[in-house]
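Shown next, in structure tokens, is the structure this report addresses.
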There are 2 protein chains.
Amino acid sequence: MKIRVAQKPPDAYQHGDLREALIDAGVKLLTEGGLAQLSLRAAAQLAGVSHGAPYRHYRDKAALVAAIAERGFRTLTKAMRDELERSGARKAGRKLTALAVGYVAFATAHPAYLQLIFGSGLSKEDAPESLRAAGEEAYLVLRDVVEAGIRAGELRKGDTDEVALACWSLVHGLSMLFIHGAVPKPETAKLERALTERVVLLLGEGIEV
Amino acid sequence: MKIRVAQKPPDAYQHGDLREALIDAGVKLLTEGGLAQLSLRAAAQLAGVSHGAPYRHYRDKAALVAAIAERGFRTLTKAMRDELERSGARKAGRKLTALAVGYVAFATAHPAYLQLIFGSGLSKEDAPESLRAAGEEAYLVLRDVVEAGIRAGELRKGDTDEVALACWSLVHGLSMLFIHGAVPKPETAKLERALTERVVLLLGEGIEV
DNA sequence: CCTACCGATCGGTAGG
DNA sequence: CCTACCGATCGGTAGG
């Protein structure tokens, strides 16, 4: 005889929005165990439903993955916007620094999102439209700042997308190196922020004589 | 009665070096199907041996993954050194550009390596010593160029590791964005190279006025 | 939304 | 280095 242990989380969703609850569960799995731990079945269990239930809301696993990635983009966009506002920056250089700090903080706080967005088989072609849009929105936060900076004469003249690409690459790369542990990760959020600011400053001023 | 179809590749390894053959197989799996397709069993099949055989050479799956990642680092190091030599660059700015071109070319030619190195659970702590050393060697190629550049007065004075971190972040981020398709990937290697050079130039000269 | 089931794959081990 | 086996997990579907 098998003892049946209650595995349903005490506060699983209650008839409410299983669709959202599954995303929550997926994020949790991702955060705690990485990409390999993300499965529809485990998400269903975490949400307190049977493993057949998710198919009422998602056609297949890829659909849930896309939904999680979409939320990731939205969270990232918000993190950047919040930091931008919080900083009260008015000049392009300061604004870009704020965006960078927001991006890196998001990345190190939720490494699973970046792993999912950039690490899974989600390539741009077969991504659902809403996911593509969420990614585009995040990019536009950066692009707008760059464009305004060039127009205001605070950034050197140049192709807006190319300058934005340089900023994005720098910050994304820094985030990935932090996440992977390739760089000794600063021990406090404050130190992380300071290092991020110095690295961004290098892009601002240039490293050559 | 079951028809037995020959699944052994015609030119699988022959009693030679199964250890190396399994790495080859793993790289192939990774390249063709991404991280999710990498399994010890599939690698064994590709190498033409039974699925129990790999355990004679690798304690577990993680050991094979580490071996593949190590080869990835060595290939990357070679790609950077080759491009550096090929360029004939003598000044730091040109050298850094060459390293960047080599890095990005490696990344887009072998996206699976970067996915494995930076995307799997290989964190710095539990990595075998040889893997850590291979990663360090790749970093030193960059660091040496930066250090020499600062000493020669071709790069602004500053913390060597911090400047190197900025370079690495920029190039790594650019590579990841290319791989993921977040940026419209240049259609030819020549265009990719040109874009990489322009982005690196932005770091060299700075984007602020 | 559940139970029961399918085929497939996996990591790993025993025993030779 | 092979065969045979283990327990586990997975995505997905049928049928209710």
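Lettering of chains follows the sequences in order, A, B, ..., and the numbering in each one begins at 1.
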C:dT13 C1' sits how many Å from B:Asp60 CG, rounded? 13 Å
Whole-Å distance, B:Arg59 CZ to C:dG12 C1', equals 13 Å
Phosphate-side-chain proximity, B:Ser39 and C:dT9, N/O vs OP1/OP2 below 4.0 Å: no
Under 3.5 Å, is there any donor-acceptor pair linking the side chain of A:Arg41 to the base of D:dG12? yes
Specify the separation, in whole Å, of atom CG of A:Asp17 and atom P of C:dC1. 10 Å
Whole-Å gap separating P (D:dC1) and CZ (B:Arg19): 13 Å
Whole Å only: how far is the CZ atom of A:Arg56 from the P atom of D:dA14? 14 Å
In short, the helix from C:dC1-D:dG16 to C:dG16-D:dC1 is bent end to end, axes from five pairs each side, to 10°, by 0°
Shortest non-hydrogen contact from A:Leu116 to A:Leu38? CD1-CD2, 4.2 Å
Classify the side chain of A:His51 versus the base of D:dG12 as yes if they form a donor-acceptor pair under 3.5 Å and no if they do not. yes
A:Ala53 side chain: which of D:dG11, C:dC2, C:dC10 is closest? C:dC2
Listed nucleotide nearest any side-chain atom of B:Ser50, set C:dG11, D:dC10, D:dC2: D:dC2
Roughly, in whole Å, what's the span from CG in B:Leu29 to C1' in C:dT9? 13 Å
Round to a whole Å and report the spacing from CG of A:Leu38 to C1' of D:dC10. 12 Å
Worked check of side chain to side chain donor-acceptor pair (under 3.5 Å) between B:Ser130 and B:Glu70: CA-CA 7 Å; B:Ser130 59; B:Glu70 188 177 327; 2.8 Å; yes
Rounded distance (Å) that lies between atom P of D:dC10 and atom CG of A:Leu35: 14 Å
Nearest 0.5 Å, please: how far is CG in A:Leu191 from NZ in A:Lys185? 11.5 Å
Could you tell me the separation between the CD atom of A:Glu162 and the CG atom of B:Leu195, rounded to the nearest 0.5 Å? 5.5 Å
Before accepting this row, confirm whether a basic side-chain N of the pair A:Arg132/A:Glu136 lies closer than 4.0 Å to the acidic partner's carboxylate O. no
In terms of the angle between their ring planes, are B:Phe118 and B:His172 parallel, tilted or perpendicular, with boundaries placed at 30° and 60°? tilted
Grab the two heavy atoms, one from B:Glu208 and one from A:Gly93, that are nearest each other, plus how far apart they are. OE2-CA, 3.8 Å
Closest-nucleotide ordering on DNA chain D, the 5'-leading residue of A:Ala42 and A:Gly52: A:Ala42
